[in-house]
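Structure, as structure tokens:
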Amino acid sequence: MWSPGVGLAGPILAGMEEQWRRFWQELACEPGDGYDDLRRRLGITGQRVWLVRTRGGAFAVCYLECVEPDTVVSRLAASTEPYDLEFKANLIYFHGCDFDRLVLGCYPELIFAVAGPMTDLPRRP
């Protein structure tokens with residue numbers, strides 16, 4: 001079984017991979033009150049972040065387990081809390097993603113989901 005959530009993906013700007021990695025390592029080791037408060041206010045109960053290297057460059061893939069997956073991105077975009085503004089500035093710095101300028105329709109859209117063990121899927125003949 002899995003928790004409701006939302007997935008996000010985006011490029012890591014050229015030359016920023018190591019700094020990006022350190023940013024997330026610091027949050028993982030010492031999340032601090034600001035990050036914990038951000039997650040609590042947005043209803044984020046779990047988070048996973050992956051680095052994916054492709055021929056086109058490095059990409060970040062993030063999965064947020066959250067209470068309200070349909071609104072978590074828009075609530076982060078609308079937030080004016082000081083820590084949130086700093087966090088969003090880091091997203092611009094590493095990804096070029098400005099949450100304050102997201103265009104309607106650019107939010108994640110769930111296309112496919114399977115719950116339970118993959119062994120329960122029917123096999124093709």
Side-chain angles (χ1 to χ4, degrees):
M1 202 58 160
W2 52 343
S3 300
V6 63
L8 304 165
I12 298 170
L13 298 178
M16 302 299 293
E17 183 181 321
E18 193 54 40
Q19 289 176 309
W20 173 86
R21 181 187 294 273
R22 282 196 306 269
F23 170 74
W24 285 107
Q25 286 172 340
E26 288 173 12
L27 285 179
C29 293
E30 300 175 24
D33 293 336
Y35 189 62
D36 289 343
D37 186 50
L38 167 72
R39 291 181 56 205
R40 189 173 25 262
R41 282 184 287 102
L42 294 178
I44 297 171
T45 57
Q47 182 174 358
R48 291 168 183 81
V49 178
W50 293 268
L51 168 65
V52 180
R53 290 186 187 95
T54 71
R55 291 182 189 161
F59 285 78
V61 176
C62 180
Y63 181 75
L64 303 173
E65 292 177 1
C66 46
V67 178
E68 298 177 18
D70 294 338
T71 63
V72 68
V73 173
S74 59
R75 286 186 293 127
L76 175 59
S79 178
T80 58
E81 293 289 325
Y83 183 87
D84 301 6
L85 295 174
E86 180 182 334
F87 186 81
K88 290 188 289 185
N90 278 305
L91 296 177
I92 294 169
Y93 182 69
F94 292 119
H95 304 286
C97 175
D98 187 348
F99 271 69
D100 293 334
R101 297 177 186 260
L102 288 179
V103 177
L104 187 62
C106 290
Y107 296 99
E109 177 184 359
L110 180 63
I111 301 297
F112 176 77
V114 175
M118 295 300 283
T119 57
D120 292 347
L121 294 176
R123 299 195 185 274
R124 290 184 182 184

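Residues Cys66 and Leu42 form no side-chain contact, since every pair of their non-hydrogen atoms from C-beta on lies 4.5 Å or further apart. Contact of the Leu51 side chain with the Ile12 side chain is registered, since non-hydrogen atoms from C-beta on lie closer than 4.5 Å. Between Leu38 and Ile44 there is no side-chain heavy-atom pair separated by less than 4.5 Å.
Among residues two or more places apart in sequence or in another chain, the side chain to side chain donor-acceptor pair (under 3.5 Å) test is passed with Thr45 by none. Under the side chain to side chain contact (heavy atoms under 4.5 Å, CB included) criterion, Asp70 pairs with no residue, sequence neighbours left out. Among residues two or more places apart in sequence or in another chain, the salt bridge (charged side-chain N to carboxylate O under 4.0 Å, His left out) test is passed with Arg41 by Asp37, Asp84. Judged as a side chain to side chain donor-acceptor pair (under 3.5 Å), and not counting sequence neighbours, Glu81 has no contacts. Scored by the side chain to side chain contact (heavy atoms under 4.5 Å, CB included) test, Thr54 finds Val52, Phe59 as partners (sequence neighbours excluded). Residues passing the side chain to side chain contact (heavy atoms under 4.5 Å, CB included) test with Leu13, sequence neighbours excluded: Met16.
Note: Phe23 and Phe94 have tilted aromatic rings, judged against thresholds of 30 and 60 degrees for the angle between ring planes.
Closest heavy-atom contact between Pro4 and Pro69: CB-CG, 4.1 Å. Taking every heavy atom of both residues into account, Leu85 and Ser79 meet most closely at CD2-O, 3.8 Å. Nearest heavy-atom pair across His95 and Ala60 is CE1-CB, 3.5 Å.
With rounding to the nearest 0.5 angstrom, the CG atom of Leu27 is 6.5 Å from the CZ atom of Phe87. Within the model, atoms OH of Tyr83 and NZ of Lys88 stand 13.0 Å from one another, a figure rounded to the nearest 0.5 Å.
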Next on the checklist: Could you walk me through whether Glu26 and Tyr35 satisfy the side-chain contact (heavy atoms from CB on, under 4.5 Å) test, starting with their C-alpha distance in whole Å, then the side-chain angles of each, then the deciding distance to 0.1 Å, before giving a yes or no?
Outcome noted: CA-CA 11 Å; Glu26 288 173 12; Tyr35 189 62; over 6 Å; no
